[in-house]
Amino acid sequence: MAFVDMADTLVDDYDVVEVLHRLADYCVSLLGASAAVLSLSDQRGGLRLMASSPERAGLLETQTEQGPSLEAYLTGELVQIDDLTTATTRWPEFTPEALAEGFHTVQAVPLRLRGQIIGALNLFGRDTKLGPRNLKVARALADTATIGILQERAIRRGEVLAEQLQRALNSRVIIEQAKGVLSHAAGLPMDHVFQYLRTYSRDRNLHLHDVANDIVRGHLEPGAIVDAHKARDRHQPRSAP
């Protein structure tokens, strides 16, 4: 079902950020990772956060310029640490932050198609790492997303990959700005407002980037997002006591 859903999103006008968030969600909800973080290359040799589940986990990838994601991206190989306490020398900034969040294992998978690497998927565990079977599924899902980003039709038309990736990175910037506007206007924590944005977009079949852009430009009032979320909650069926 996850592969069908991912494939359905890879249409001509798909939303890269939404695809990557779905991938992160599946790694947590279906495969048992405690958290999943996806980053894409910024074309300058570094990585930029694109999606995370839960949202707070993304902070680990933005606060340092080291760690398993960057290593997987640079080497093109799986990076697997079964006990993060042994990696304090390897990643002196990243490791204490991860341990403070309660994570003890990491598995970073490069997003690659043949010889081209465009980012990394980092899977965190609190008690145990993903087993071989679930890790294999995670890699297959990551491959599906990678193929979507590197669509052969775009390459055949001579489109520049850097431009496509930069659009995705720019989308993330707009989304972060919209989160700040919504958080300030509605008095909500930053790790809650993203779900409001995402739910509003999906319920109306809109691109997440377009909704965020409307908020930043003042074309969409933050109150409309909050009211829509509250209305949705009121209509959700409740389980019997």
Side-chain angles (χ1 to χ4, degrees), residues 1-31 33-40 48-62 101 121 124 141 144-145 148-149 164-241:
M1 183 64 185
F3 285 100
V4 172
D5 182 47
M6 290 285 291
D8 284 346
T9 64
L10 300 179
V11 294
D12 287 343
D13 193 29
Y14 72 94
D15 188 330
V16 172
V17 176
E18 175 62 20
V19 168
L20 296 180
H21 271 287
R22 289 193 187 193
L23 171 54
D25 286 346
Y26 282 134
C27 287
V28 173
S29 63
L30 298 183
L31 304 183
S34 298
V37 177
L38 276 145
S39 304
L40 290 183
R48 292 273 297 278
L49 170 69
M50 291 303 299
S52 58
S53 181
E55 183 76 1
R56 178 176 172 77
L59 294 175
L60 293 172
E61 302 286 353
T62 59
E101 290 293 328
L121 164 64
F124 293 89
L141 286 169
T144 301
I149 296 171
Q164 188 178 14
L165 292 178
Q166 191 60 51
R167 285 200 300 270
L169 295 170
N170 290 342
S171 291
R172 180 70 196 194
V173 171
I174 294 295
I175 290 167
E176 288 300 315
Q177 291 174 349
K179 283 169 56 182
V181 172
L182 185 55
S183 175
H184 177 75
L188 294 168
M190 286 289 283
D191 56 349
H192 288 180
V193 294
F194 177 77
Q195 191 57 44
Y196 280 52
L197 285 172
R198 193 177 178 198
T199 299
Y200 185 92
S201 303
R202 295 180 70 173
D203 285 352
R204 289 157 181 79
N205 198 28
L206 299 172
H207 281 187
L208 192 59
H209 171 271
D210 292 339
V211 172
N213 194 49
D214 284 346
I215 292 174
V216 171
R217 292 180 178 274
H219 299 156
L220 178 60
E221 290 294 328
I225 303 288
V226 176
D227 291 344
H229 195 84
K230 290 178 179 178
R232 191 176 193 271
D233 285 345
R234 284 197 299 270
H235 288 89
Q236 288 289 337
R238 299 186 179 180
S239 350

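Each residue takes its place number in the sequence, starting with 1.
L49 approaches S39 most closely through the heavy-atom pair CA-OG, 4.0 Å.
Using a 4.5 Å heavy-atom cutoff, the side chains of Q177 and I174 are in contact. Taking the side chain as every heavy atom from C-beta outward, E18 and R202 approach each other to under 4.5 Å. Using a 4.5 Å heavy-atom threshold, the side chains of M190 and H184 count as separate. Counting heavy atoms from C-beta on, the side chains of S171 and L208 never come closer than 4.5 Å. Between L121 and V37 the shortest side-chain heavy-atom distance does not fall below 4.5 Å. Between Y196 and L188 the shortest side-chain heavy-atom distance falls below 4.5 Å. For the pair F124 and E101, the minimum side-chain heavy-atom distance is 4.5 Å or more.
Although no hydrogens or angles enter the test, the distance criterion places no donor-acceptor pair under 3.5 Å between the side chain of S52 and the main chain of A36. Of the possible polar contacts, one joining the R172 side chain to the M50 backbone as a donor-acceptor pair under 3.5 Å is found. Without hydrogens or angle criteria, T199 side chain to Q195 main chain gives a donor-acceptor distance under 3.5 Å.
Figure legend: cation-pi geometry between R204 and Y200, with NZ or CZ positioned under 6.0 Å from the six-membered ring centre and within 45° of its axis.
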Chi angles and distances behind the side-chain contact (heavy atoms from CB on, under 4.5 Å) call for F194, I175: CA-CA 8 Å; F194 177 77; I175 290 167; 4.0 Å; yes
Pair H192-E55, side-chain contact (heavy atoms from CB on, under 4.5 Å): steps then yes or no: CA-CA 8 Å; H192 288 180; E55 183 76 1; over 6 Å; no
Residue pair R48, L40: steps toward the side-chain contact (heavy atoms from CB on, under 4.5 Å) verdict: CA-CA 5 Å; R48 292 273 297 278; L40 290 183; 5.8 Å; no
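One distance of note links CG of L20 with OG of S53; it measures 12.5 Å at 0.5 Å rounding.
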Which pairs of donor and acceptor atoms, one on a side chain in residues 209-224, lie under 3.5 Å apart (sequence neighbours left out)?
residue, atom, partner, partner atom, Å
N213, OD1, R217, NE, 3.3

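Using a 4.0 Å cut-off between a side-chain N of Lys or Arg and a carboxylate O of Asp or Glu, D203 and R198 do not qualify as a salt bridge.
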